[in-house]
Structure formats: C-alpha cells, structure tokens
Amino acid sequence: METNDKTLTAEESIVLIQQMINKTKSSMRDNSFYFLLWGWLSVIASTGNFIVLKFGLNPYFHFFWFIIPVVGMPVSIWHGYKNPFVKTHIGDFISGIWSGIGIACFVIIALIFINGRQDLPIIQMFLLIMGIGVFVTGRIIKDIPLIIGSVIFWLGAMACSLFKSESAQLLIYSFSFTVGYIVPGYITKYKNRKSHV
Amino acid sequence: MFKELDPLLHSQLRLAIMSILVGAKEADFNFLKEQTQATAGNLSVQIDKLQQAKYIDVEKTYKGKKPQTICRITENGKNAFEQYVLNLKEYLKNAG
C-alpha cells in the first residue's frame, strides 16, 4: 500500500490505522529468520555429532556444537544490521528471554568443563530450556505452531530419559529442533509472506 | 457536534507514520519507508512536520558507517493520536 499526503475520509483513516498497526505487529512477529538460522545450525551440529559418533570418525566430535555460536552469532548480528530497525516492547521482552536462554546455554557449557560431562544430562537440559524459550515466545506472539513446538522440546527432554545412549539423544535433539523450531519458523515465514502480498 | 479532526494527523502518510510509532517503541527511517511504501523525499518531509509539531522525536545516529534516523512518538504525539481516534469514532457515530 503506497501512502502519500492526501486527506482521508474518516472511514479511510480508521482502516489505515488498523492496517499500519497490524503490519507493525506482523513485522515484529516475524522472527522466522532467527528460528530458521538457529534451528538449522542446531540440527546440523547434532546430526554431524551423531554421524561422527556412529562411525567413530573423530574422538573430538563434540566440537560440532561450536558451529552454533560461531556461525549463529555473527549471522544474527549481520541480519539485524542489514534490515530496517524497529523496536517494540514485546520485541524487547522476547529478546530478553532469548538472551537469558543463551546465557543459560553458556552456563551449561561451563558446568560441563567444571563437572565433566558424565554428571550432567546435557541434551535434556538444552531441550528443557529451549522448550521454555519457544513456549514463552509462542504465547507472547500468539503463535500456535511455536507453542506446539515447545511441547515437542519437552517431550524430547522426557524421551531422553527412556533413550539414554548419546547417539539416540542426538537424534532426539535433531528431531526436536526440526519439528519444534524449524517447522514453526517456516510456517511463520510463509504466513507473513502471504500477508504482505 | 463532533470535534474537528487534527489536520496534522488527518493526512495519509502522517497518519500512517503515527500509527506505526504508536505500536513501536522506535523505528528507523527505512522501516517506516518499507511499511508505508512512501518515497524517501515525501517521508522525510512528513517526519519533519511531525517533529516540528512535537508529535515525534527524531534521533540522527549511525548504523556502522551509514547514517540512521530513528523516530519515536512523544507523549504529546500519543495524546494527539488518541484524541484523533476518539474524534474519528465520534464522527463516524454521528455520521452513521
């Protein structure tokens, strides 16, 4: 919708106000880029670790996990820099939640170095906190696929209690991110693309 | 009798800008241009008018090496927008 400096009727004014507010909300809801970025990196990392573990290719296979922050953070920053800037109260809140999730992930990694991996159900912990982030985001922006996605993460965390082998848990991790993160990301992306046409 | 609609807001592009800023804490020029589909020149003129009326604050900063213009609605602007919407509703009620 192209806008210019024309004077509106009262009805046109109301319609325009509603359209602009909805468009802003829709732009603010479109976090799909970040869901797809972090989702795909997580799936690639866990699948890579699974393949290496299964075929005994490299004793240091856990380094696959580092592609998540090493690629994810600069790409996220670049995306934020490249695109038009808007800040909303809800956007700030969501950003705060995911900053907290990110910090929690780093704390888990620090605990691994302090306590050693054997004592910690690492994959379960990641799935649990990811579920919290996805659930809260889904609730705030009223996105049903994300709320369903959070349930997938929590079910994945519970499934890790049944399937205790590392290779099985890596597969659960990949599955959880695919269904709980990537799929909602694509749904949001295509929904927003349709609404902007 | 209905109150007269604020002529500063009763214009398509200025109303669009204010509607966006009412929902957002702040937005830059490029975001406003993308959402309103206005030309850069026209958008710039309307932003100036709103700023002069103290309906919005404009901050000129940099994003890396590129200049960036960030707009925020003021308290005055929020009140004016709310009053405009109330007057609109009253107008439509009386007209209907």
Side-chain angles (χ1 to χ4, degrees), chain A residues 1-34 73-97 99 140-142 189 192-197, chain B residues 2 4-39 41-43 45-46 49 59 61-66 68-72 81-82 84-96:
Chain A
M1 182 212 65
E2 194 180 315
T3 50
N4 52 47
D5 196 22
K6 72 169 196 161
T7 306
L8 304 165
T9 64
E11 291 85 357
E12 284 171 337
S13 293
I14 293 279
V15 168
L16 178 64
I17 291 168
Q18 202 55 54
Q19 269 179 352
M20 287 293 121
I21 289 174
N22 286 342
K23 273 181 101 175
T24 308
K25 274 189 194 165
S26 163
S27 296
M28 172 270 294
R29 280 197 192 108
D30 191 3
N31 296 304
S32 60
F33 174 83
Y34 298 103
M73 287 181 72
V75 172
S76 288
I77 291 167
W78 165 82
H79 183 263
Y81 177 82
K82 186 177 84 80
N83 283 289
F85 167 79
V86 62
K87 242 183 167 189
T88 62
H89 293 286
I90 287 178
D92 277 356
F93 188 65
I94 293 173
S95 178
I97 288 163
S99 299
I140 290 169
I141 64 174
K142 299 186 174 83
K189 181 178 175 175
N192 281 320
R193 193 176 281 182
K194 264 173 72 177
S195 70
H196 280 121
V197 163
Chain B
F2 64 90
E4 197 182 293
L5 296 171
D6 184 341
L8 196 56
L9 295 181
H10 199 53
S11 140
Q12 190 177 24
L13 183 48
R14 290 195 293 273
L15 184 59
I17 294 166
M18 292 294 284
S19 301
I20 292 167
L21 293 178
V22 142
K25 269 173 74 172
E26 50 191 40
D28 75 356
F29 185 89
N30 289 330
F31 183 81
L32 292 171
K33 185 165 174 293
E34 192 178 83
Q35 298 297 303
T36 60
Q37 302 278 292
T39 61
N42 195 11
L43 182 62
V45 164
Q46 305 314 323
K49 287 185 182 174
E59 180 191 339
T61 180
Y62 283 90
K63 198 178 190 180
K65 289 183 182 166
K66 287 186 189 171
Q68 185 185 35
T69 301
I70 297 176
C71 300
R72 296 175 197 94
F81 186 83
E82 278 167 18
Y84 177 82
V85 171
L86 281 170
N87 293 348
L88 257 186
K89 286 180 179 171
E90 205 183 304
Y91 177 87
L92 287 169
K93 204 169 90 178
N94 288 327

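In what follows, chains carry the letters A, B, and so on, assigned in the order in which the sequence lines appear, proteins first and then strands, with residues in each chain numbered from 1.
- Distance NE2/His89(A) to NZ/Lys25(B): 6.0 Å, rounded to 0.5 Å.
- Here Lys63(B) is the residue among Lys89(B), Lys63(B), Lys66(B) with the most heavy-atom pairs under 4.5 Å with chain A.
- Looking at Phe29(B), neither its backbone nor its side chain comes within 4.5 Å of chain A, counting heavy atoms on both sides.
- Within 6.0 Å of the OH atom in Tyr81(A), the count of heavy atoms belonging to other residues, nucleotides or ligands exceeds 12.
- Taking NZ of Lys82(A) as the start and CG of Asn30(B) as the end, the distance is 11.5 Å to the nearest 0.5 Å.
- Rounded to the nearest 0.5 angstrom, Phe31(B) CZ and Lys87(A) NZ are separated by 14.0 Å.
- Note that CD of Gln35(B) is 11.5 Å distant from CD of Gln19(A), once rounded to the nearest 0.5 Å.
- When heavy atoms are compared at a cutoff of 4.5 Å, Asp92(A) approaches chain B solely by way of its side chain, counted from C-beta outward.
- Heavy-atom minimum distance, Val86(A) versus Ala24(B): CG2-CB, 3.7 Å.
- Of all non-hydrogen atoms in Glu34(B) and Lys23(A), the two that sit nearest each other are O-NZ, 4.4 Å.
- At a threshold of 4.5 Å between non-hydrogen side-chain atoms, the residues Leu88(B) and Ile17(A) count as touching.
- Heavy atoms closer than 4.5 Å to chain A are found in the side chain of Ile70(B), but not in its backbone.
- The two residues Gln12(B) and Leu16(A) have their closest heavy-atom pair at O-CD2, 3.2 Å.
- Remark: Ile21(A) CD1 to Ser19(B) OG distance equals 5.5 Å, nearest 0.5 Å.
- Minimum heavy-atom separation, Met20(A) to Thr36(B): SD-CG2, 4.4 Å.
- Contacts of Glu12(A) with chain B are absent, with no heavy-atom separation under 4.5 Å from either backbone or side chain.
- For a residue to count as touching a neighbouring chain, one of its non-hydrogen atoms must lie under 4.5 Å from one of that chain's; by this rule Val85(B) touches chain A with the side chain only.
- Rounding to the nearest 0.5 Å gives a distance of 8.5 Å between OG of Ser13(A) and CG of Leu92(B).
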